[in-house]
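To start, the structure itself, in structure tokens.
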Amino acid sequence: MSYSVLLVDDEPIILSGIKNMIKWREYDFSEPFTAKNGSEAMKIIDSEHPDLIISDIKMPLMDGLELLEITREKHPEIVFIILSSFEEFKLAKEAIKFNALDYLLKTEIDEENLKKELERAKKEIEKRRSHYIYSPLKSKMQQIKEGMLLFMINRSADDNLLCTLENDGFLDRYTIISLLFSFPESTEEKTYTLEDYDLFHEWQADIAQKVLPSYFDRYFQIINPDARKNSFTYLLSINDEATYSAVLSRFADKIKSASKIVTNLDITVKSTAVHHTRKEMLDARDEMERSADLFYLKKDSAEFSDLQVAHLFSRLEIDISHSDTESVKMIFSVMKARVSSLDHKKSSAVMMLSALENAIEAGFSKTKYDYSCVMEMLKTDRYLAFRDDVVALLESVEKKIENILLPEENRNETIVRAQQYIIDNISRPISLDEIAKNAFISPSYLSSLFKKVTKVSLVDYINIMKVKRAKAMMNEGERKIFSIAESLGYENIYYFSKVFKKVTGETPSQYLKKLDSM
């Protein structure tokens, strides 16, 4: 049996310290979810339904007592442990009245005390599960949904649940299907926000709920936290095994066409084989997970391996706190290479991004920099469909961190150095790589930094400088357009004329005529 846990604290150092204090899996707990305040924690509670919450008592937006009270009303089966300082002792005692299991003083938290609390918590979790999950007040379908959620997370299901499914005939013939999709990427023409993606997700869920009943009589949604927000997964009971393939094909065509009309998202429908009896339930789950992981890799088959990046995050935290941009770039380079080259499960990438977020927050918390834009960017990890998306996110986060850590005076020096190199080499073709090398900065970062500081792209700046030089040559008496183009490194006069007109609004010939008429 395995249990899930949520850690809540507005102090990143304490949050990271508790998370890394023990190896949670050795004590039957999965890797903890984390939240920085009660409001953020409430969203995780509603979506992930943790078995245990360990929360600070004083936090912004929503404090620990308020979080405990709301959780007790909505999810009375969740076990709560309060963290407090000595000054908050009275508040901590108040929390016990709200059904908290215990309170821990922050000054006394160590590995041994934490282990003892987890052992107590496990017993309380089991007691509350037996009392709440199969309460007669809940419908049979609600019991099945909650029990299957535990099964999908923990690979173990209560015998009562399996008996309910078997007696109902649900497990005579069944399959698991997943609806997998990817969100559109932002472009210069259209920028998508997290709110946009949430809306896409909401619409897509509505489409599925409208289409499913037309093809399948008995089904319910399985919540798989690893799938995040780019998939929906359902357990289906099959009436006729012989016709299932044809029905699934018609369903896939219908939901794809409906999605194209409403959200314009491309949908991939994956199905396990038809399974029989409760004994095959784990096989069905494993088959579904493997199918989703292959979709993530864009492969038909793969041998999965570990990303082997766990050792990088403590180093990254130190490098960020010391503003060591070169070491930060090296670490990101390793992560991108591992994600790109090693066939891994999506859950491994999710865990990597979670560890990355904690390391970034812990590192920046020791500096004076505003890093909120980085944390906002990392929130998009829940929408990632493919490993290419993970690599792209790592690229973007790396650029943001470099931009933040580079002092303002160095940013200006970097831009001036790049501009001077362009002017000094205006008579030949110039590549981004050589400009970046001369400016002592990565090409991708130079490109984004240049646009941010000068408000024009690097390419546009090069063209502006070349046209400025061309106009100077014309003013000095040069009248052969092909000679001017050649002297500025253009291979043909047509492209030079196109650039000249884009910058000035007129062709080189028109500009010369205007000069001659003056």
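A quick note: this is a predicted structure, and the numbers were derived from the prediction, not measured.
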How are the rings of F181 and H201 set relative to one another: parallel (under 30°), tilted (30 to 60°) or perpendicular (over 60°)? tilted
Checking E287 side chain against A273 main chain: does a donor-acceptor pair fall under 3.5 Å? yes
Output for pair (L307 CG, L342 CG), nearest 0.5 Å, gives 6.5 Å
Can you tell me how far the OG1 atom of T454 sits from the CD1 atom of I464, to the nearest 0.5 Å? 8.5 Å
Among residues at least two apart in sequence or on other chains, which ones pass side-chain hydrogen bond (donor to acceptor under 3.5 Å, both in side chains) with R387? D343
If only atom types and distance count, is the side chain of S16 paired as donor or acceptor with the main-chain N or O of I13 below 3.5 Å? no
Name all residues meeting the salt bridge (charged side-chain N to carboxylate O under 4.0 Å, His left out) criterion together with D198; count only those two or more places apart in sequence or in a different chain, and write none if there are none. K229
Would Q204 and L179 count as a side chain to side chain contact (heavy atoms under 4.5 Å, CB included) here? Give the steps. CA-CA 10 Å; Q204 203 59 56; L179 312 181; over 6 Å; no
Is S354 reaching over with its side chain to a backbone N or O of V350, donor-acceptor style, under 3.5 angstrom? no
Please determine whether the number of non-hydrogen atoms from other residues, nucleotides or ligands lying under 6.0 Å from atom CZ of F304 exceeds 12. yes
Taking the side chain as every heavy atom from C-beta outward, state whether L7 and L15 have any atom pair closer than 4.5 Å. yes
Measuring only between side-chain heavy atoms, which start at C-beta, is F29 closer than 4.5 Å to I22? no
For residues 303-315, which residue pairs pass the salt bridge (charged side-chain N to carboxylate O under 4.0 Å, His left out) check, not counting sequence neighbours? R315-D319
Taking F364's backbone N and O only, do any of them form a donor-acceptor pair with T367's side chain (distance below 3.5 Å, no angle check)? yes
Please confirm whether the backbone N or O of I176 pairs with a side-chain atom of T272, one donor and one acceptor, at under 3.5 Å? yes
Check step by step if side chain to side chain contact (heavy atoms under 4.5 Å, CB included) holds for V262 and K210. CA-CA 13 Å; V262 179; K210 284 180 169 61; over 6 Å; no
Step through the shown structure and confirm whether more than 12 heavy atoms of other residues, nucleotides or ligands are within 6.0 Å of NZ on K498. no
Using the test side-chain hydrogen bond (donor to acceptor under 3.5 Å, both in side chains), find all partners of S341 that sit at least two apart in sequence or belong to another chain. none
Check whether the ring centres of Y296 and H344 lie less than 6.0 Å apart, and answer yes or no. yes
List the steps and the verdict of side chain to side chain contact (heavy atoms under 4.5 Å, CB included) for V8 and L6. CA-CA 7 Å; V8 191; L6 168 63; 3.8 Å; yes
Output all residues satisfying side-chain hydrogen bond (donor to acceptor under 3.5 Å, both in side chains) with S372, sequence neighbours left out; order by chain, then residue number. D370
Parallel, tilted or perpendicular, as decided by the 30° and 60° cut-offs, for the rings of Y234 and Y219: perpendicular
Measuring from atom CG of L236 to atom OH of Y244, what distance do you get when rounded to the nearest 0.5 angstrom? 5.5 Å
Mind checking the CD1-CZ spacing from I493 to F500? Nearest 0.5 Å is all I need. 11.5 Å
Under 6.0 Å from the NZ atom of K480, do we count more than 12 heavy atoms belonging to anything else shown? no
Ignoring hydrogens and geometry, is there a side-chain-to-backbone donor-acceptor pair from K455 to K452 under 3.5 Å? yes
Heavy-atom distance under 4.5 Å between the side chains of K36 and E361, does that happen here? yes
Residues R290, D286; criterion salt bridge (Lys or Arg N to Asp or Glu O under 4.0 Å); working and verdict: CA-CA 6 Å; R290 182 171 180 82; D286 290 344; over 6 Å; no
Provide the full list of ring pair (Phe, Tyr, Trp, His ring centres under 6.0 Å) pairs with a residue in residues 452-483, sequence neighbours left out, each pair given once. F450-Y461
OG/S483 to CD/E478 distance, rounded to the nearest 0.5 angstrom? 5.0 Å
Could you grab the distance from atom CD1 of I207 to atom NZ of K256, nearest 0.5 Å is fine? 14.0 Å
Does any part of the side chain of I18, heavy atoms only, come nearer than 4.5 Å to the side chain of L83, both counted from C-beta? yes
Would you please name every residue forming a salt bridge (charged side-chain N to carboxylate O under 4.0 Å, His left out) with E486, sequence neighbours left out? none
With sequence neighbours left out, the residues meeting side-chain hydrogen bond (donor to acceptor under 3.5 Å, both in side chains) with E506 are K514
For A385, is there any backbone N or O sitting under 3.5 Å from a side-chain donor or acceptor partner on D389? yes
Whether over 12 other heavy atoms sit under 6.0 Å from K19 NZ: yes
So, using side-chain contact (heavy atoms from CB on, under 4.5 Å) as the criterion, who are the partners of A362 when residues are at least two apart? E317
Tell me, please, which residues at least two apart from K501 pass salt bridge (charged side-chain N to carboxylate O under 4.0 Å, His left out). none
Polar side chain donor-acceptor pair, S178 to S231, under 3.5 angstrom: no
Answer whether the closest heavy-atom distance between the side chains of I45 and I70 falls below 4.5 Å. no
Assess whether a salt bridge exists between R285 and E289, defined as any Lys/Arg side-chain N lying under 4.0 Å from an Asp/Glu carboxylate O. yes
Taking the side chain from N230 and the backbone from Y383, do they hold a donor-acceptor pair closer than 3.5 Å? no
Quick note, side-chain hydrogen bond (donor to acceptor under 3.5 Å, both in side chains) partners involving residues 424-436, not counting sequence neighbours, are Q420-D424, Y421-R428, Y421-E434, N425-R428, R428-E434, S431-E434
So, are K329 and E326 salt-bridged, with charged N and O less than 4.0 Å apart? yes
Return the set of residues passing salt bridge (charged side-chain N to carboxylate O under 4.0 Å, His left out) with R25 (not counting sequence neighbours), or none when no residue passes. none
Under 6.0 Å between ring centres, would you say that holds for H49 and F33? no
Would you mind reporting whether S487 and R469 have side-chain heavy atoms less than 4.5 Å apart? no
Mind checking whether F183 and F200 have parallel, tilted or perpendicular rings, split at 30° and 60°? tilted
How far apart are the C-alpha atoms of E402 and K399, what are their side-chain angles, what is the distance that settles it, and do they pass the salt bridge (Lys or Arg N to Asp or Glu O under 4.0 Å) test? CA-CA 5 Å; E402 280 188 77; K399 288 178 185 177; over 6 Å; no
Counting C-beta onward and ignoring hydrogens, is there a side-chain heavy-atom pair between N463 and K502 closer than 4.5 Å? no
Taking it one step at a time, do K298 and D388 satisfy side chain to side chain contact (heavy atoms under 4.5 Å, CB included)? CA-CA 9 Å; K298 297 183 180 179; D388 298 344; 3.2 Å; yes
Looking at K466 and L488, would you say the former's side chain and the latter's main chain have a donor-acceptor pair under 3.5 Å? yes
